[in-house]
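Input: a single structure, listed below in structure tokens.
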Amino acid sequence: AEKDTITVCPAPEDDYSLTFDQLTFEYKNIKSIEFSLDGEILRNSKGWSWSLGANIGFNKSKIGDLGFEPTDFGMLKNVRGYEGAAISDHFGIANLFIAGMAPGIFYGYKTQGIIQPEDIVNGEVSYIAADGTTKTYKSSTANDMTPGSIKCIDMNEDGVVDEKDKDMLGDPNPDFTYGFNTRITWKDISLSATFNGVYGNDILNSNIRYYTPSKQAGNLTREAYQGMWTEANHSNLYPAATTNIKNVVYDRYIEDGSFL
């Protein structure tokens, strides 16, 4: 397998005279292969010609030795890596770079619809745990704890939703990329078309935050406006217009990025 080494060198010392050791890590290209096929269906048959072509490529990569000591990132325990930079003030950190994993894994809070009045028991929010039982949490830094608010999941089941509950939400790296093309010719007139796409990657759709009903919302889609949570409409998809959307990444922002 092909192996590349990326070296991050220290910047010149500034007025604070900060220095740090050179950081070197490996990026291993585990699998990369591409197939292409081109052919002529017709060749000058009564003035007509028609050709077709297609390609598909697979590139599976993972991060090698990062040179860090093992640490925890939310629900990822005893791993070597680092968090990516914040993508904006409204989302914070969205990606992880962990040794042995694909680069840029999406990272944030998992949710379970919208908090309903019956979900609040003695001031605590109830949710369905991984084992199917109902459990509660008493505080959260990732969501309001009122009816009509986004319901986060207490992944480590310690009764509090915080940084320790953040988990992997998706992979921005596609399973494969592909494309095809065709060309039809009749005498001196030709028509051609080219298509390309990716399959199996996730994307973070930041637009979802801004058309999610909340105190921070801007323009809403018709569906979000008509479907938002109210006392008369206990939606489990769109929160209430009176709730606060925290500046974090939710799984509800992650979508399938496949396209053609």
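Using a 4.0 Å cut-off between charged side-chain N and carboxylate O, K110 and D167 make a salt bridge. Ionic pairing of R80 and D65 is not present here: no N-O contact between side-chain nitrogen and carboxylate oxygen is shorter than 4.0 angstrom. Salt-bridge formation is detected for the pair K135/E157: a Lys NZ or Arg NE/NH1/NH2 atom is positioned less than 4.0 Å from an Asp or Glu carboxylate oxygen. Classification of K60 and D175 as a salt-bridged pair holds, one side-chain N sitting under 4.0 Å from a carboxylate O.
Hydrophobic clustering, with ILVMFWY side chains joined whenever heavy atoms are under 4.5 angstrom apart, groups I87 together with L169.
The CG atom of N181 sits 7.5 Å away from the CG atom of L52 when rounded to the nearest 0.5 Å. With values rounded to the nearest 0.5 angstrom, M168 atom CE is found 13.5 Å from D251 atom CG. Separation of atoms OG1 (T194) and CZ (R183) is listed at 10.0 Å; rounding is to 0.5 Å. Going from atom OG of S51 over to atom CG of D38 covers 8.0 Å, rounded to the nearest 0.5 Å. If you take CG on D256 and CG on N201, they are separated by 7.0 Å, rounding to the nearest 0.5 Å. With rounding to the nearest 0.5 Å, the separation of CZ in R209 from OG in S214 is 6.5 Å.
Taking each heavy atom of I120 and M145 in turn, the nearest pair found is CD1-O, 3.7 Å. The heavy-atom pair separating K246 from N143 by the smallest distance is CG-N, 3.7 Å. Shortest non-hydrogen contact noted between P213 and A224 is CG-O, 3.7 Å. Between T212 and L220 the shortest heavy-atom distance is C-CD2, 4.1 Å. Residues V160 and D154 share a closest heavy-atom pair of O-OD1, 3.0 Å. Contact record, P174 with V198: CB-CB, 4.1 Å, taken as the closest heavy-atom pair.
Of the possible donor and acceptor atoms, one in the side chain of N95 sits under 3.5 Å from a partner among the backbone N and O of G104. A donor-acceptor contact shorter than 3.5 Å is absent between the side chain of K164 and the backbone of V161. Within the 3.5 Å criterion, the main-chain N or O of A142 finds a donor-acceptor partner in the side chain of Y250. Judged purely by atom type and a 3.5 angstrom limit, S149 uses its side chain to pair as donor or acceptor with the backbone of T146. No donor-acceptor pair under 3.5 Å is formed between the side chain of Q116 and the backbone N or O of G148. Listed for the N122 side chain is no donor-acceptor partner under 3.5 Å among the backbone atoms of E124. Counting only distance, with no hydrogens or angles, the side chain of N156 and the backbone of D165 share no donor-acceptor pair below 3.5 Å. A donor-acceptor distance shorter than 3.5 angstrom exists from the side chain of N233 to the backbone of M228, with no hydrogens or angles considered.
Q216 and N244 share a donor-acceptor pair across their side chains, judged by distance under 3.5 Å alone. Donor-acceptor pairing under 3.5 Å is recorded for the side chains of S61 and N59. S49 and T185 share no donor-acceptor pair across their side chains, judged by distance under 3.5 Å alone. When only modelled atom types and interatomic distance are considered, R252 and N205 share no side-chain donor-acceptor pair under 3.5 Å.
Applying the 6.0 Å contact sphere to CG of N219 captures no more than 12 heavy atoms from other residues, nucleotides or ligands.
Under the 4.5 Å side-chain criterion, counting only non-hydrogen atoms from C-beta, L76 is in contact with L96. In this structure the side chain of Y137 reaches within 4.5 angstrom of the side chain of C152, judged on heavy atoms. L204 is listed as a side-chain neighbour of F106, based on a closest heavy-atom distance under 4.5 Å. In this structure, S140 and V125 have side chains that are not in contact, with every pair of non-hydrogen atoms separated by 4.5 Å or more. In this structure, the side chains of P103 and N173 come closer than 4.5 Å at one or more pairs of heavy atoms. Residues S45 and W50 are not in side-chain contact: their nearest non-hydrogen atoms beyond the backbone lie 4.5 Å or more apart. Side chains of F176 and I56 form a contact here, defined as non-hydrogen atoms less than 4.5 Å apart. Residues E223 and Y238 are in side-chain contact: their nearest non-hydrogen atoms beyond the backbone lie under 4.5 Å apart.
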Walk me through whether W48 and R43 qualify under side-chain contact (heavy atoms from CB on, under 4.5 Å).
CA-CA 7 Å; W48 288 93; R43 178 184 294 178; over 6 Å; no

Starting from the C-alpha separation in whole Å, work towards a yes-or-no answer on side-chain contact (heavy atoms from CB on, under 4.5 Å) for F68 and V79.
CA-CA 9 Å; F68 295 117; V79 295; over 6 Å; no

Passes side-chain contact (heavy atoms from CB on, under 4.5 Å), F35 versus N55? Steps please.
CA-CA 5 Å; F35 300 96; N55 65 80; over 6 Å; no

Hey, mind stepping through K62 and M101 against side-chain contact (heavy atoms from CB on, under 4.5 Å) and telling me if it holds?
CA-CA 5 Å; K62 71 176 182 180; M101 297 184 182; 5.9 Å; no

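The ring-ring contact (aromatic ring centres under 6.0 Å, His included) with Y82 is formed by just one residue from the set F73, F97, Y107; it is F97. No option in D144, N236, D119, T111 other than D119 meets the side chain to side chain donor-acceptor pair (under 3.5 Å) test with K151.
Ring centroids of Y253 and F91 are separated by less than 6.0 Å, placing the two rings close together.
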